[in-house]
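The block underneath contains the structure these notes are about, expressed in structure tokens.
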Number of protein chains: 2
Amino acid sequence: MARPRKPLLSRDRIVEAASSLVDSEGLDAVSTRRLAAVLGVSGPSLYNHFRNKDEILDAVADAVSVQVDLSMFEASDARDWREALHDWALSYRAALAAHPHIVPVLARGPGRRPAGLRVADAVFGAMVGAGWPPAQATRIGALMRYFITGSALGSFAGGFVDDESAYDPADYPHLGQAHLLAERGREVDEGAFEVGLRALLDGLALQYEEYARPTETVRRGRKRP
Amino acid sequence: MARPRKPLLSRDRIVEAASSLVDSEGLDAVSTRRLAAVLGVSGPSLYNHFRNKDEILDAVADAVSVQVDLSMFEASDARDWREALHDWALSYRAALAAHPHIVPVLARGPGRRPAGLRVADAVFGAMVGAGWPPAQATRIGALMRYFITGSALGSFAGGFVDDESAYDPADYPHLGQAHLLAERGREVDEGAFEVGLRALLDGLALQYEEYARPTETVRRGRKRP
DNA sequence: ACCTGAACACCGTTCAAGT
DNA sequence: ACCTGAACACCGTTCAAGT
């Protein structure tokens with residue numbers, strides 16, 4: 001057919017098809033040939049819209065970042081930066097949990113992905129607005145991303161094996177019930193995420209006090225809590 | 001040559017060659033054919049020692065876990081669980097930083113990898129020994145892994161681009177100096193890791209007090225801090 | 001048991017040719 | 001500008017054959 005008068009493909013259509021292929025069959029199932037077949041075109045056609053396959057996967061990852069709710073950062077002030085961070089983390093995690101197979105691509109940093117950058121921008125802006133020094137605001141965005149993407153990677157891929165004989169007590173003296181982790185994996189992951197998130201926010205709150213409160217060497221009259 | 005009287009390959013030799021190939025040229029550079037060529041054999045020979053390529057990469061990842069220092073957990077007691085966790089986190093991160101390209105494989109959970117399990121076992125055992133309830137000890141091992149592997153993934157792969165025009169202020173109002181992050185990426189990552197680790201440990205210490213200290217409803221005489 | 005070459009069913013990407 | 005088929009240089013894995 002050569003060139004049709006109305007384009008058969010668009011970046012959006014390609015990303016949509018790639019996303020559902022990733023969701024239903026995993027990252028490895030996405031080949032340029034299979035993806036093209038789903039779209040009713042031949043493999044090389046994709047290269048009219050994306051430079052290479054990696055760019056397609058980046059776009060799929062970015063479509064997930066778009067789903068992350070950022071509204072809690074709009075009215076953020078010094079009083080509720082912690083609550084905003086908490087709600088954002090839950091929304092972020094939920095978005096990743098809905099598309100677990102693309103997480104490895106997303107975990108490699110915001111890079112050139114526009115929506116990923118928008119997320120980083122929103123967190124940074126809100127933390128600065130709440131009184132954090134810019135250098136700390138940058139770090140908070142990074143470390144929250146470490147924890148959230150790390151948990152999404154660890155949860156939904158690998159995991160333990162549901163086979164008692166796989167874990168010899170002689171090798172792992174404390175993991176007597178490790179095989180139970182297989183069935184309880186999801187529960188463990190959720191618990192670990194909750195505990196970790198709370199610890200992270202509690203810890204940041206302690207550091208925030210150091211910044212917000214004049215140090216005792218400067219203001220001696222102030223009593224310490 | 002068919003079968004030589006002394007085997008040309010061994011699992012160890014294969015893992016060693018694969019590791020240095022991963023380190024020097026990245027994950028994508030490892031194909032069964034290239035790996036076999038480095039070892040002076042033909043591609044299919046590898047299948048006499050590993051079931052498939054994924055098992056080889058798992059072994060490469062596990063060789064990194066072996067490098068993680070666990071000695072700090074041997075004499076752990078209630079007083080220094082926090083310090084042990086801190087030192088272990090630094091050692092873990094250093095091991096990943098030395099072999100950044102294999103981190104995506106390692107980040108998918110301990111799965112069937114023996115050394116990965118040994119790490120999980122040591123953390124769990126030490127935390128229980130320090131007074132944490134078993135359910136919490138499991139979660140601590142998981143959440144620390146989230147943070148550490150997440151930071152290793154985010155740091156050494158992707159990242160920002162050193163190009164001012166890549167970040168239009170209209171799109172990202174707060175990321176005016178985002179392109180500076182490219183050159184300062186490593187510094188930002190280290191700072192974020194330090195801040196995050198401290199927050200995590202501070203936060204866990206607060207939670208530890210809740211477990212170690214009888215609640216005020218039980219022991220009314222005790223004053224609150 | 002452990003290695004080989006041949007073979008199968010795939011890949012990502014380039015490119016000239018078509019409209 | 002946008003699609004095509006052919007082609008290039010690869011893949012992971014299986015398997016019969018060799019010693």
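What you see is a predicted model; the values in this text were computed from it and never measured. Below, all heavy atoms of this structure are taken into account, side chains as well, without hydrogens, waters or symmetry copies. Here is how names work: the chains are called A, B, and so on, in the same order as the sequence lines, proteins then strands, and each is numbered from 1.
Counting to the nearest Å, the C1' atom of C:dT13 and the CD atom of A:Glu55 are 14 Å from each other. Atom CZ of A:Arg5 is separated from atom P of C:dT19 by 13 Å (rounded to the nearest Å). Distance, A:Tyr47 OH to D:dA1 C1': 19 Å, rounded to whole Å. Rounded to whole Å, atom P of D:dC3 lies 9 Å from atom CZ of A:Arg13. For the pair B:His49 NE2 and C:dA1 P, the interatomic distance rounds to 12 Å; values are reported in whole Å. One atom, CG of B:Leu39, and another, P of C:dC2, lie 15 Å apart when rounded to the nearest Å. Note: CG (B:Leu46) to P (C:dC2) measures 14 Å, nearest angstrom. Taking atom NZ on B:Lys53 and atom P on D:dG12, their separation rounds to 4 Å, with Å as the unit.
Taking every side-chain heavy atom of A:Thr32 into account, C:dG12 is the closest of D:dT4, D:dT14, C:dG12. Listed nucleotides: D:dC3, C:dG12, D:dT13. Nearest to the side chain of A:Pro4: D:dC3. Comparing D:dT13, C:dG12, C:dC2 by their closest approach to the side chain of B:Asn48 singles out C:dC2.
Looking only at distances, no side-chain donor or acceptor of B:Asp23 sits under 3.5 Å from a matching main-chain atom of B:His101.
Under 3.5 Å, the side chains of A:Ser71 and A:Asp69 contain a donor-acceptor pair of N or O atoms.
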Determine which bases of DNA chain D form Watson-Crick or G-U wobble pairs with both distances under 3.5 Å, and write the result as a 5' to 3' dot-bracket string with | for other-strand partners. ||.|||||...|||||.||
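Evaluation of the salt bridge (Lys or Arg N to Asp or Glu O under 4.0 Å) rule for B:Arg5 yields no partner, not counting sequence neighbours. In this view, A:Ala192 and B:Arg139, B:Ala142, B:Leu143, B:Tyr146 satisfy the side-chain contact (heavy atoms from CB on, under 4.5 Å) rule, not counting sequence neighbours. Residues satisfying the side-chain contact (heavy atoms from CB on, under 4.5 Å) criterion with B:Asp87, sequence neighbours excluded, are B:Met72, B:Glu83. Partners of A:Asp168 under the side chain to side chain donor-acceptor pair (under 3.5 Å) rule, at least two apart in sequence or in another chain, do not exist in this structure. Scored by the side chain to side chain donor-acceptor pair (under 3.5 Å) test, A:Glu194 finds no partners at all (sequence neighbours excluded). For the side-chain contact (heavy atoms from CB on, under 4.5 Å) test, residues two or more places apart in sequence or in another chain that qualify with A:Ala61 are A:Ile102, A:Val105, A:Leu106, A:Arg113. Remark: A:Glu16 pairs with no residue by the side chain to side chain donor-acceptor pair (under 3.5 Å) rule, at least two apart or across chains.
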Without placing hydrogens or testing angles, list every side-chain donor-acceptor pair under 3.5 Å for residues 40-48 of chain B, not counting sequence neighbours.
from    : atom 1 : to      : atom 2 : distance (Å)
B:Ser45 : OG     : B:Ser42 : O      : 3.0
B:Asn48 : ND2    : B:Ser45 : O      : 3.3

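Pairs of residues two or more places apart, or lying in two chains, that qualify as salt bridge (charged side-chain N to carboxylate O under 4.0 Å, His left out) and include a residue from residues 26-48 of chain B are B:Glu25-B:Arg34.
By the 4.5 Å heavy-atom criterion applied to side chains, B:Leu197 and B:Leu90 are counted as neighbours.
For the C1' atoms, the distance linking D:dA16 with C:dC2 amounts to 14 Å, nearest Å.
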Within the sub-3.5 Å range, which N or O atoms of nucleotides 7-10 of chain D have a protein N or O partner, and how far apart are they?
from  : atom 1 : to      : atom 2 : distance (Å)
D:dA7 : N6     : A:Arg33 : NH2    : 3.4

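Against DNA chain D, the stretch residues 17-29 of chain A makes no heavy-atom approach under 4.0 Å.
Between A:Arg34 and A:Arg51, the residue anchored nearer the 5' end of DNA chain C, judged by the nucleotide with its closest heavy atom, is A:Arg34.
Remark: B:Ser42 is in phosphate contact with C:dT4, judged by side-chain N or O atoms under 4.0 Å from OP1 or OP2.
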